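Small disclaimer: the values here were computed from a predicted structure and weren't measured.
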Amino acid sequence: MVAEGNTHEASSLIEVTRPELVLFCFSSHTEAIRPLAQLRQLAQSPAVLVIAESISKRGARQLLTLGASGILLQESASQHLPWAVLAASQGGCALSPEISKQVIHEYTAPATESALKRAAQTKICALTAREREVLELLSEGLPNQAIAHFLTISPGTVKDHVRSVCSKLNADSRFHAARIAWQAKECRISA
């Protein structure tokens with residue numbers, strides 16, 4: 001171990017210490033979104049192993065998409081940590097057995113798409129990259145102020161993006177726009 005700190009210090013600690021692996025502990029996957037996104041912006045980002053109290057299929061997919069090298073559930077992390085650290089630091093992926101089972105099930109499930117899902121994916125793919133980022137955060141239930149802080153833009157700009165997203169998706173409200181994003185869950189929302 002080369003350093004210990006909170007998530008707000010993660011980027012600066014990593015730039016100074018240059019670790020091979022970063023271990024984050026969160027109660028939910030939504031807490032890991034910002035630190036993972038910040039680490040992706042570093043020139044040399046280390047492997048990241050996330051320990052979460054609980055996580056949904058969608059949450060696991062989102063963390064892996066953001067660059068997590070592994071995800072362990074807190075209740076069984078102590079028994080999986082030794083091999084997970086080794087796997088993640090050597091460029092592999094380390095998932096708790098429960099999460100692996102979900103991922104394998106999704107991968108091996110029949111590839112049938114509903115008409116609603118295809119329609120939602122088509123609508124989302126018509127959004128700009130920034131609008132997809134706003135929609136992704138909106139679908140996590142974040143208010144405009146939090147979205148603005150996360151994307152480092154003004155709340156007024158977020159409001160404009162939300163209005164544009166709702167217009168392009170033909171959604172009556174931000175909740176309706178989020179529902180369309182959920183329906184398109186197989187479509188990678190972020191660019």
Side-chain angles (χ1 to χ4, degrees), residues 4-14 21-42 45-77 80-81 84 88 93-96 98-103 106 120-121 124 127 129-155 157-159 161-162 165-166 169 171 173-191:
E4 183 178 352
N6 62 42
T7 55
H8 303 314
E9 304 171 315
S11 294
S12 60
L13 280 173
I14 288 168
L21 177 83
V22 174
L23 179 65
F24 284 126
C25 296
F26 298 105
S27 58
S28 72
H29 83 278
T30 55
E31 295 174 4
I33 293 171
R34 170 179 269 153
L36 282 172
Q38 289 173 341
L39 292 184
R40 286 179 78 177
Q41 296 174 0
L42 296 176
S45 180
V48 178
L49 189 56
V50 176
I51 297 177
E53 282 184 29
S54 65
I55 193 163
S56 64
K57 284 190 265 187
R58 185 173 186 278
R61 184 181 314 113
Q62 188 172 25
L63 294 185
L64 292 170
T65 301
L66 286 171
S69 303
I71 305 167
L72 299 177
L73 293 177
Q74 187 173 5
E75 68 184 39
S76 62
H80 300 298
L81 202 54
C93 186
L95 299 174
S96 283
E98 303 86 352
I99 298 170
S100 294
K101 186 176 179 180
Q102 292 174 353
V103 170
E106 282 190 37
Q121 289 173 343
I124 288 174
L127 299 175
R130 180 59 91 180
E131 288 168 342
R132 286 191 297 269
E133 288 175 331
V134 170
L135 178 61
E136 185 171 357
L137 295 171
L138 182 76
S139 70
E140 293 295 332
L142 296 178
N144 287 357
Q145 188 69 32
I147 294 171
H149 182 71
F150 183 77
L151 297 176
T152 61
I153 58 178
S154 74
T157 302
V158 172
K159 188 175 180 179
H161 283 306
V162 170
V165 165
C166 287
L169 296 180
S173 64
R174 58 193 295 128
F175 178 76
H176 186 192
R179 192 175 85 202
I180 291 170
W182 299 329
Q183 288 171 339
K185 68 182 176 182
E186 295 300 316
C187 181
R188 194 168 146 204
I189 296 172
S190 57

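- Looking only at distances, a side-chain donor or acceptor of S69 sits under 3.5 Å from a matching main-chain atom of V48.
- Taking both residues in full, the closest heavy atoms of S139 and A178 are given as CA-CB, 3.8 Å, listed atom of the first, atom of the second, then distance.
- By the 4.5 Å heavy-atom criterion applied to side chains, H161 and I153 are counted as neighbours.
- Here the straight-line distance linking atom CD of E75 with atom CD1 of I51 works out to 12.5 Å at 0.5 Å rounding.
- Among residues two or more places apart in sequence or in another chain, the side-chain hydrogen bond (donor to acceptor under 3.5 Å, both in side chains) test is passed with H176 by none.
- Two residues are said to be in side-chain contact when any heavy atoms from C-beta on lie closer than 4.5 Å; H80 and L73 fail this criterion.
- For A84, the side-chain contact (heavy atoms from CB on, under 4.5 Å) partners are L49, L72, A94, not counting sequence neighbours.
- Looking only at side-chain heavy atoms (C-beta outward), E31 and F24 stay at 4.5 Å or farther from each other.
- The CD1 atom of I33 lies 4.5 Å from the CD atom of E140; values are rounded to the nearest 0.5 Å.
- Side-chain atoms of T30 and L142, non-hydrogen and from C-beta on, never get closer than 4.5 Å to each other.
- The CZ atom of R58 lies 10.0 Å from the OG1 atom of T65; values are rounded to the nearest 0.5 Å.
- Separation of atoms SG (C25) and CD (Q74) is listed at 7.0 Å; rounding is to 0.5 Å.
- Here R179 pairs with nothing under the salt bridge (Lys or Arg N to Asp or Glu O under 4.0 Å) rule; sequence neighbours left out.
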Legend entry - Derivation and outcome, side chain to side chain contact (heavy atoms under 4.5 Å, CB included), residues L95 and L64: CA-CA 10 Å; L95 299 174; L64 292 170; 4.2 Å; yes

Enumerate, atom names and distances included, each donor-acceptor pair closer than 3.5 Å involving a side-chain atom of residues 145-152, sequence neighbours excluded.
unit_1	atom_1	unit_2	atom_2	d
H149	NE2	R34	NH1	3.3
H149	NE2	R34	NH2	3.3

Inset, instruction - May I have the step-by-step check of side chain to side chain contact (heavy atoms under 4.5 Å, CB included) for R174 and N144, ending in yes or no? - result: CA-CA 10 Å; R174 58 193 295 128; N144 287 357; 2.8 Å; yes

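- Residues passing the side-chain hydrogen bond (donor to acceptor under 3.5 Å, both in side chains) test with S154, sequence neighbours excluded: T157.
- Scanning for side-chain hydrogen bond (donor to acceptor under 3.5 Å, both in side chains) contacts around S76 gives an empty result, with sequence neighbours left out.
- I180 and A120 get closest at one heavy-atom pair: O-CB, 3.4 Å.
- Inspection of the Q183 and Q121 side chains reveals no N or O donor paired with an N or O acceptor under 3.5 Å.
- Residues forming a side-chain contact (heavy atoms from CB on, under 4.5 Å) with K101 (at least two apart in sequence, or on another chain): none.
- Considering every non-hydrogen atom in both S56 and Q102, the closest pair reads C-OE1, 4.3 Å.
- Checked against side-chain contact (heavy atoms from CB on, under 4.5 Å), A60 has the following partners two or more places apart in sequence or in another chain: I55, I71, I99.
- Under the side-chain hydrogen bond (donor to acceptor under 3.5 Å, both in side chains) criterion, E131 pairs with T128, S164, K168, sequence neighbours left out.
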